[in-house]
Structures are given as C-alpha cells and as structure tokens.
Amino acid sequence: MTDRHPSGPTDHALWGGRFDGGMAPGMRALNLSLDVDRRLWREDVRGSRAWARALIGAGVISDDEGKRIDEGLVRVLARLETGGPFEEAPDEDVHSLVERLLFEEVGDVAGKLHTGRSRNDQVATDLRLWGMGAGRDLEHAVTDLCRALLGMATRGVEVILPGYTHLQQGQPIRAAQWALAHLWAFDRDRERLRSAVHASGVLPLGSGAIAGCPFPVDRDALARSLGFRRPSQNSVDAVSDRDWALDLSYACAMVGVHLSRLGEDLMLFTSLEFGFLRLDDGYSTGSSLMPQKRNPDVAELARAKAGRLNGNLMALLTLVKGLPTGYNRDLQEDKHTLFDSVDTLLTTVPAVAGAIGTAQFQPERIRAVMDTQLLATDLADHLVRQGVTFRRSHEVVGHLVRRAEEAGVPLAELPIEAFLGAAPEFGGDVRAVFDWERSVEARAAPGGTARDAVTAQIAEAGRSLETEGDEGGQEG
Ligand code: ARG
C-alpha cells in the first residue's frame with residue numbers, strides 16, 4: 001500500500017491500487033483537507049480504537065491484533081498531542097495521517113484497522129463526536145452569558161428606563177425587564193444547542209462507504225462506547241446526513257443574531273445621547289487619535305460576528321442542497337464553516353458575558369431623558385378605569401399630548417384645567433398618574449414589568465439555567 005504514492009512522494013495514501021502515476025500537482029492542493037480536519041485527531045483516534053474493539057467482537061481481528069492496534073493508537077495519540085506529526089505532514093487528511101502513524105507504531109497489522117470501514121462513515125463519525133462536544137461547550141458559554149444577564153437583571157429591578165418601540169420612547173419598564181428580554185432569547189438558544197447535540201448523537205460508523213458493513217459488528221455497543229444514543233438506521237443516509245451540523249450551525253447563527261441585538265442595545269445605551277449604561281474599562285477601548293474616546297468595541301464586534309455566522313449557515317445549506325444520494329466529496333467542505341461558527345462564538349460569548357457582568361446602569365442619566373409622554377398610555381388607562389372607552393380615551397390623551405407640545409411643556413405639566421377640560425372623568429387625582437413606579441407596578445400580569453412579575457421571571461430564569469442539559473448522547 002505504501003509503495004505506491006499516488007498523492008505525493010512521501011504520502012501514506014489510503015488508496016491507489018488502480019492508479020497509474022501520481023496525482024497532478026494542481027489537484028493535490030485541492031484534494032488536501034488536513035489543514036482543516038486536523039483538529040479531529042482526538043475523535044479520529046477515539047473512533048478508531050472503538051472500531052478496533054468492534055472488529056475483535058466481530059471476529060475480524062484477533063484479541064492480540066486488536067491489542068497491538070489499540071496500544072499503537074494510544075501511542076499515536078501521545079505523538080499527536082505534541083503537535084509534532086502535523087508539521088509538514090504529507091497526508092491528504094487526518095484519517096490518512098492517523099493511519100500512517102499507526103503503521104509507524106505497529107507495522108502491517110495497522111492495515112487491518114480499516115476493514116469494513118470507509119472514510120465516509122469515519123469522517124461522519126469523527127465530526128459528530130466533535131459536534132457533541134462543541135455543542136455542549138457552547139451551551140456552557142451561553143449559560144454563563146445568561147447568568148451575567150441574570151445578575152444585570154437583579155441590579156436593574158429598581159431602575160426604571162424607557163421601553164422603546166420603533167426606537168422611540170414607548171412605556172416605562174424596569175431595567176430588569178430589558179435585561180431579561182435578552183436573557184430569554186439566549187435561553188432559547190441553549191435549547192437549540194441541546195437539540196443540536198441530541199441530533200448529533202447518532203452513530204454513522206458501521207455504514208461503510210454506502211452499503212453497510214459486511215462483518216457482524218455490534219453497532220449498538222459501538223454507539224454506546226462512543227457516547228452516541230444509537231446507531232444510524234440507514235447506511236446511505238448515514239454517510240451523507242449533515243442535518244445535525246446544520247442544526248448546530250443554525251443554533252450558532254441564532255446566538256449571533258441575539259448577540260448582535262444585544263450589542264446594538266449596548267452601543268445605544270452607552271452613547272452620550274442615551275448614557276443608560278457604563279461598560280467597565282476592561283471591555284472598552286480607546287482611540288489612537290481622539291483622546292476622549294471610550295468605545296464599546298465588545299458590542300460592535302459581537303454585532304459584526306452575526307454576519308459571519310449567518311454566512312457560515314448559508315454556506316452549509318448551499319453545500320448540501322442538490323447533492324445526489326450518498327457521500328459526495330462536497331461534504332468535505334462541511335467542516336471549516338462549522339468550526340468557524342463554534343470558534344467565533346467561543347471567543348465572542350465570554351467577552352460579552354464579561355462586559356454584561358461588569359456593566360452598570362446610570363439611573364440619573366436615565367431619569368434625565370425620560371419624557372412624561374411615556375405615561376400617555378397610563379393616562380388613557382386612567383380614563384378607562386373611569387368608564388371611558390379606550391378608543392375615546394386614546395383620542396383625548398392624543399389631543400393633550402399635542403397641546404403640551406404646542407405649549408412646549410412636558411405632558412405632566414399641563415394645567416389641571418386642561419385635563420378636566422379634555423375629559424371631566426380624569427378627576428382631581430389625575431396627576432397621580434405621573435409616577436414611574438406606579439406605571440410599572442400596574443403591569444402586574446405575569447410577564448409584565450411590575451416588581452413581582454419581574455422577580456418571578458428572575459426566579460424562573462434562574463431555574464432554567466440550572467438545567468444545563470445533555471439530551472444528546474451519553475457521556476462516553
Ligand atoms: N476528507 C474527507 C471528508 O472530510 C473524507 C474522505 C472521504 N473521501 C473519499 N474520497 N471518499 O469528507
């Protein structure tokens with residue numbers, strides 16, 4: 001096998017018997033994937049050790065051969081841990097690299113390991129093994145971000161700020177309600193990540209190239225030993241199914257979308273014009289030219305990553321679209337965008353969590369920009385409580401708002417006669433409506449911004465964060 005070198009002079013090629021002459025230099029570069037799939041080395045060795053055990057069980061190799069292969073793989077693992085074998089490795093991909101090293105360790109018996117196995121089911125298995133771990137790591141990271149938001153919500157229970165619709169001041173809300181809005185979005189991402197881990201927990205190994213394995217391997221035991229929930233049901237499907245990778249990529253894109261929305265809020269809220277929040281110095285950056293600048297780069301970078309994550313999802317969707325049944329080499333291109341999405345989030349999410357964990361609300365600044373028109377709905381609700389229809393009270397308050405604007409005074413400072421003249425039902429106590437606390441406390445239905453409703457959300461979110469989940473494979 002090693003004396004033909006179809007893909008390079010020093011290569012341990014996994015194929016070549018039917019070929020004459022070597023691979024064209026231009027093709028060789030295109031054919032290589034080691035620079036990307038090298039990071040699957042742990043999974044490749046792990047899967048190979050499990051496959052060797054399965055081959056012993058199927059009577060394909062003897063106990064002694066299996067033992068030599070396994071010991072060899074352990075030594076290969078140790079060598080790969082040093083990073084040394086990757087340097088100037090001539091191999092096409094990580095699977096070829098691991099097998100070449102195994103030959104170096106144990107000689108010809110290494111040639112028995114690939115019995116009944118194809119790189120098609122091998123790479124699908126390696127990537128799923130990696131994906132289960134990556135999905136869990138991401139869930140931990142997003143959970144930490146949720147904890148930071150929970151802390152921010154707790155600091156924001158007694159802070160009232162404008163709730164925006166159309167980025168115009170709408171109604172007052174507790175700052176906690178704003179922080180929790182972001183938290184719940186990330187909590188849904190945690191669920192999506194768990195579901196992607198669940199989807200990845202199906203074992204392709206034992207599917208061969210396309211038609212299945214001709215040796216009686218115990219695929220249930222194989223699945224269990226590698227931490228999968230179960231083996232795949234169909235060999236043709238198994239070697240080309242990347243749905244779970246799309247689930248993961250989509251979950252990543254959604255985290256990116258949520259980060260970008262949080263980032264946008266952070267940018268607005270830390271601007272001079274809003275001034276609602278102050279980021280810690282550790283998460284702010286300066287300008288090389290303007291000495292006064294204190295930029296929220298963490299939020300901008302978080303916002304920017306969403307584009308990259310969306311692009312990665314789109315690349316993978318486009319990759320699998322229209323592929324004929326079974327494995328196609330196109331699928332080799334499934335890895336770099338998936339790796340990139342996970343890597344991107346594993347650097348971005350902790351930074352945002354740190355920024356949130358140390359950000360401080362600026363209650364005086366918030367109070368200074370709150371316009372009493374934020375209470376126009378409360379005024380209308382006040383009339384409704386006196387028996388006026390909402391349709392009419394909306395109209396009445398609309399007129400009062402216009403009068404206040406024409407007079408150049410805040411709504412709350414219109415003379416009492418203006419209110420009573422517009423609708424006698426307002427009554428003498430109408431001014432009591434102009435109270436931020438009273439407004440938020442009125443929204444006491446579950447999910448609202450009253451103190452009790454917000455505190456209940458905080459408790460519920462805390463409980464949700466305790467269930468850090470592993471709905472995927474078993475630990476293996
Ligand atoms: N490196 C390939 C991949 O990542 C696995 C090799 C399968 N190649 C093949 N010619 N069947 O998909």
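Counting begins at 1 with the first residue of the sequence. Read the numbers this way: they start at 1 and go in the same order the structure lists the ligands and their atoms.
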Under 4.0 Å from a heavy atom of Gln332: which atoms of ligand 1 are those, numbered in the order shown and with their elements?
1 (N), 2 (C), 3 (C), 4 (O), 12 (O)
If the plane angle is over 60° it's perpendicular, under 30° parallel, otherwise tilted; pick one for Phe339 and Trp130.
perpendicular
So if I count the atoms of ligand 1 from 1 in the order they appear, which ones are less than 4.0 Å from some heavy atom of Ser33?
1 (N)
If you count every heavy atom of other residues, nucleotides or ligands that lies below 6.0 Å from Arg278 atom CZ, does the total exceed 12?
no
Identity and distance of the protein heavy atom lying nearest atom 3 (C) of ligand 1:
Tyr327 OH, 3.4 Å
So the atoms of ligand 1 within less than 4.0 Å of a heavy atom of Asn120 turn out to be 7 (C), 9 (C), 11 (N)
Enclosure of Arg39 CZ (heavy-atom neighbours >12, cutoff 6.0 Å)
yes
Over 12 non-hydrogen atoms of neighbours within 6.0 angstrom of CG in Asp108:
no
Give the atom numbers and elements of ligand 1 that come within less than 4.0 Å of a heavy atom of Lys335.
3 (C), 4 (O), 12 (O)
Would you please classify the geometry between the Phe269 ring and the Tyr164 ring as parallel, tilted or perpendicular, with 30° and 60° separating the classes?
tilted
